[in-house]
Amino acid sequence: MENYASDDPGPAFLIGHHESNRSMAVTTDTIFKVHESNYDMLTVPITTPHFHSRVLGLLSSYLSNLQSPTYDPIGTMGTSQNTRPLVVPALSKLDTHLTPNDATSQIVGVISSWIDLCSPDPLIADLSRQVLLLEVAYAAFCGIGYILVPSPKLHHGDLHSEGVVYYARAIQDAINLGPYIQFHIWLQMTDSPELEVDTMGDLAPLARAEYLLPEEGASPKLDLFGTWDAWDLIRKTCKYHTRLLVALVMPKQLPPLTVQSRWHSEPVHLLTIDGSCFLKNQKGYPVLSKAHQSLIVKMMRLRTVPWIILCDVGSIPGIEDVEMDEDEENKSPLSGSEYPSLSQVAGSAKKHFDPTPHLSYIRNLQQRQPARTPIERFGVGYQDYLQAPLQPLTVNLESITYEVFEKDPIKYEWYERAITKALRDWADQKKPTSHPDGKVVLAVVGAGRGPLVTRALKASEEAGVELDLWVVEKNENAFVLLQRHNETTWGGKATLVKSDMRSWKGPRVRRQSGGKANQDHVGESLGIEDSLLYAPKKGENDPGRASDLPEQNTTDLSYTHVDIVVSELLGSFADNELSPECLDGINDLINPVHGISIPASYSAHFTPVSAPKLHSDVMNQTVSNPAAPETPYVVMLHAIDFLSSHETPVNPDPGNHNPANRSSGSSVPITATEFQTPFVQTAWSFSHPNRNIPDQTPSSSTISNSHNVRQTRLSFPAQNRGACHGLAGYFETVLYGDVELSTNPVTMEEKSASMISWFPIYFPLKTPLNVPDNGEIVVTMYRQTDDRKVWYEWMVEVFALESTSAAGSKPAAPMMSGAQSISPSVESLKIKDNDQRNQRRLGSTAGYRRVRVGISDLHSSIKDGCLM
Ligand SMILES: C[S@@+](CC[C@H](N)C(=O)[O-])C[C@H]1O[C@@H](n2cnc3c(N)ncnc32)[C@H](O)[C@@H]1O
């Protein structure tokens, strides 16, 4: 991996400084010093310790005077928890250091960490809610744009996650109160009870005993998805609000990749790294483990690059007193903006003190970001951006759209390879051609601006096989360019036909020689409405055809077959731009014995995903477009999590906090963390020429398209709980022989790495479905047609496994219903699939039964179907 080149500077890191016990007024001068130290921002508590003691005092006097409520005879008082509510008075001068000034734009306000919005004691929860709202209101008044809200407290004695719903409700109020504020919920990656430590002055321990469960001493366990669960509840309560974001704590010990990839799919806008997360290299400099570096690299490639907040890493020079220990005072200098390698340090004679070594390290990490892949560079700005799929059949594409396709470094190269191979095979196998002179009749159908024509001509040269080349395109604007290319680039070697390929009658050839052949004759003789054959004037840049060919009469021309038809009519889900219907239209023109289609076949694939950003965007679009949640979108999927995947990561990083893998220097390459391999399955496929098209009824005015209907029902085991927001769709195609293209993440590297022409497709769900641990997601999908248009229908069911015997052990994978589970590319899953099918034949798995716990609507894109 190279580092970023100067023409690809990579994402800029914005880095902030957080001090847990900061209590000072922030002025423009403070911010000046922050910038001077190379930080970009500062966190500031919204209120002071004075406010904290005022609230504690209020609570204490309230509790000491508390009398039990007098219950009325019909018990209405029993339904009210706060019979005499405790009201926190508005902030006073001493309660906050914040004041509206120019500095506020560089500040992240921090909500008091001593509150407990989740407390089972309604008094504490309500007091905390009031503190939150007072602080938010004041921050909003001051013009603060970003707020950090301490995480919900998940453990209260033996109660677990009970109060998250109160927290969520309070956050909803806060969002409404600060209409210009972005709220960052400060979350650990996993729910680890020992990370929830109460400190002096916290409200949590003040919860009254009657609201807590008697502790039975069962020690709470680590729950890998516990904090994600809490986040899911909060954001659902707040209806996926676009101003509700995650501030994610980088833990000292990183959790499994399944957990990391889940957070990567969430709106993480702040990444907080505590001083304790850093290791020390041999020279005593703070460094991060390789695993931490790789995760940062991965996170920094999100569409919205998260800001990094360094927490408790020492003071900013000039702002607070720098307390140095002797060791630190003797440390070596940083040379320029580069963080020094060990040899640089050893060789440096001049010694300086670096007051912000953690910051210097992160700045150095920024410079060592690996180069972006071609698709990442190509897709900048398009990550997780919903686009309506193209309809090139009914809408004429613009030149710029073709230009974007033509930038693909792989697609055209692979087509050329496929055509060359097909021509060589044709010649080697001495197959008769459809041309009387023995030329192979090749037609590029749907030629656009002609890149495949250029490739066909190159392939002909490479293979040493002569072509009779036909070019069909229905876009009259693109056709102008085809005419120009034929004249200037292709030497008039192509015969151009402006027509919908479905109404083209096929190529024409002379059966006898001796007469005067002229392209004009060919054009006149076609007799196809709205079609045009391009015939350059004699002597006018027309070396190949008009002047060289012997004269003959048009009556000598007759239709012939196409030996090789080359097309690129594929969409992100293979058949969604109606390649099957278009190629059916020329099926009869293809040489019935030896005819070849490039592509020979293509297949659609999908897998269920969690995609909160896409869900939120689709919901927002629904306001103006009710069909939005029933539209398949083309998206460069990025912030998504695959719900069904291999448990073993593709590229496990053993370097997680292993001192042997410590990185100290500027020269060590970093790669982005690779998450697990998804379980992607094949929905259906099409192949051409299609020898099985049923005969059309002569009495019917329309062509029956029922042979292009498809249906599938596939089951996906889901190892970990999550929220299913939709399906990610891909395609694979066999161009010819072993030349294949793929956007399927499982096979793309092997088949067509670096191809950029297609982004995946996303089939949304109107309402997300929650999936339990070790659950099963079953997807039923249809490709439908009414002979005028084509559309998709999709529906998702979620199943949980329920033990039917007290002592049953968990099966390796969920049970199957009527669904298939086949992935041709994933051998291990094939084996699992066979096992499951065998089980299905037997009818049960001992000790377990499937319980449907969720079902989506039957979604249909009929309103936005593709017109045939
Ligand atoms: C995805 S573009 C590919 C263009 C070009 N072959 C390339 O690879 O850059 C598909 C092209 O097929 C054309 N097309 C689609 N359906 C067609 C049809 N039924 N008859 C003729 N052209 C068609 C479109 O106008 C468009 O130019």
Side-chain angles (χ1 to χ4, degrees), residues 387 389-419 442-459 469-483 485 489-490 494 496-506 528-533 562 564-589 597-599 602 634 688 703 705 708 731 733 735 741 743 752 755-759 761 788-790 866-868:
Q387 290 175 275
L390 291 176
Q391 294 229 15
L393 181 55
T394 43
V395 177
N396 279 338
L397 303 180
E398 307 287 336
S399 184
I400 184 76
T401 313
Y402 289 111
E403 197 175 312
V404 173
F405 301 149
E406 289 165 19
K407 290 207 170 96
D408 195 306
I410 299 297
K411 180 181 110 175
Y412 299 101
E413 200 64 32
W414 263 230
Y415 263 91
E416 185 179 324
R417 271 199 211 174
I419 302 169
L442 186 144
V444 177
V445 293
R449 307 198 309 178
L452 291 179
V453 181
T454 307
R455 297 295 180 151
L457 286 168
K458 274 196 180 175
L469 181 57
W470 291 74
V471 175
V472 183
E473 172 56 57
K474 57 103 197 149
N475 178 347
E476 60 209 16
N477 305 314
F479 198 79
V480 176
L481 290 193
L482 289 175
Q483 288 175 306
H485 288 321
T489 321
W490 305 326
L496 309 184
V497 183
K498 182 165 63 175
S499 166
D500 188 308
M501 65 183 83
R502 294 167 297 175
S503 45
W504 183 40
K505 288 187 181 150
I528 305 164
E529 208 188 292
D530 199 28
S531 70
L532 173 83
L533 275 170
V562 179
I564 300 180
V565 62
V566 178
S567 67
E568 193 285 87
L569 303 161
L570 299 173
S572 298
F573 201 48
D575 50 81
N576 58 307
E577 290 181 12
L578 307 197
S579 181
E581 284 72 16
C582 289
L583 293 181
D584 277 357
I586 56 160
N587 200 53
D588 287 348
L589 306 185
S597 166
I598 295 176
Y602 37 86
V634 169
H688 303 281
I703 297 167
N705 193 34
N708 285 325
F731 80 89
T733 178
L735 293 181
L741 301 177
T743 64
S752 54
M755 184 173 71
I756 57 175
S757 282
W758 291 272
F759 290 154
I761 201 159
R788 278 186 293 273
K789 59 182 174 182
V790 171
C866 306
L867 291 172
M868 282 169 56

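Order of appearance sets the numbers: ligands from 1, and atoms from 1 within every ligand. Since we're looking at a predicted model, the values are computed, not measured.
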- Message: Using a 3.5 Å distance criterion without hydrogens, assess whether the side chain of Tyr415 forms a donor-acceptor pair with backbone atoms of Ser567.
- Response: yes

Quick note, salt bridge (Lys or Arg N to Asp or Glu O under 4.0 Å) partners involving residues 393-410, not counting sequence neighbours, are Glu406-Arg449

Could you tell me if Tyr402 and Asn475 have a donor-acceptor pair between their side chains, going purely by distance under 3.5 Å? yes

* Asked: So is Ser499 in contact with ligand 1, going by heavy-atom distances below 4.0 Å?
  -> yes

**Prompt:** Does the N or O separation between Lys411 and ligand 1 drop below 3.5 Å for any pair?
**Reply:** yes

Fill in: ligand 1 contacted by Pro451 (non-hydrogen, < 4.0 Å)
yes

inquiry  = Quick one: does any side-chain atom of Trp758 pair with a main-chain N or O of Phe731 as donor and acceptor, under 3.5 Å?
reply    = no

Looking only at protein heavy atoms, what sits closest to atom 9 (O) of ligand 1 is Tyr412 OH, 2.7 Å

Nearest non-hydrogen protein atom to atom 24 (C) of ligand 1, with distance, is Glu473 OE2, 3.5 Å

Using the six-membered ring wherever Trp is involved, compare the ring planes of Trp470 and Trp504 and label them parallel, tilted or perpendicular (cut-offs 30° and 60°). tilted

**Asked** Taking the side chain from Lys474 and the backbone from Met501, do they hold a donor-acceptor pair closer than 3.5 Å?
**Response** no

Filtering Ile586, Leu569, Leu393 for the heavy atom nearest atom 14 (N) of ligand 1 leaves Leu569

Between ligand 1 and Asn396, is the shortest N or O to N or O distance under 3.5 Å?
no

Checking heavy-atom distances from atom 3 (C) of ligand 1 to each of Glu568, Glu581, Arg449, the winner is Glu568

Tightest non-hydrogen contact, residues Asn396 and Glu476, listed as ND2-N, 4.3 Å

Any heavy atom of Ser567 under 4.0 Å from ligand 1? The part involved is neither

For ligand 1 and Asp500, I'd like to know whether there is a polar contact (N/O to N/O, distance under 3.5 Å). yes

| message | Geometry only, no angles: is Gly446 polar-contacting ligand 1 at N/O separations under 3.5 Å? | response | yes

side-chain contact (heavy atoms from CB on, under 4.5 Å) test vs Glu473 passes for just one of Leu482, Val497, Val445, Val444, namely Leu482

Exercise. Under 3.5 Å, N or O to N or O, is Met501 touching ligand 1 that way?
Worked result: yes

For Cys582, the atoms of ligand 1 under 4.0 Å from one of its heavy atoms are 16 (N), 19 (N)

Numbered in order shown, the ligand 1 atoms found under 4.0 Å of a heavy atom of Asn475 are 25 (O)

Partner of Trp414 under side-chain contact (heavy atoms from CB on, under 4.5 Å), picked from Ile598, Ile419, Leu741, is Leu741

For Gly448, the ligand 1 atoms with a heavy-atom partner under 4.0 Å come out as 4 (C), 27 (O)

Here the atoms of ligand 1 under 4.0 Å from any heavy atom belonging to Ala447 are 5 (C), 6 (N)

inquiry  = Given 3.5 Å as the limit, does a donor-acceptor pair link the side chain of Glu577 with the main chain of Ser579, or not?
reply    = no

Nearest non-hydrogen protein atom to atom 21 (C) of ligand 1, with distance, is Lys474 CG, 3.2 Å

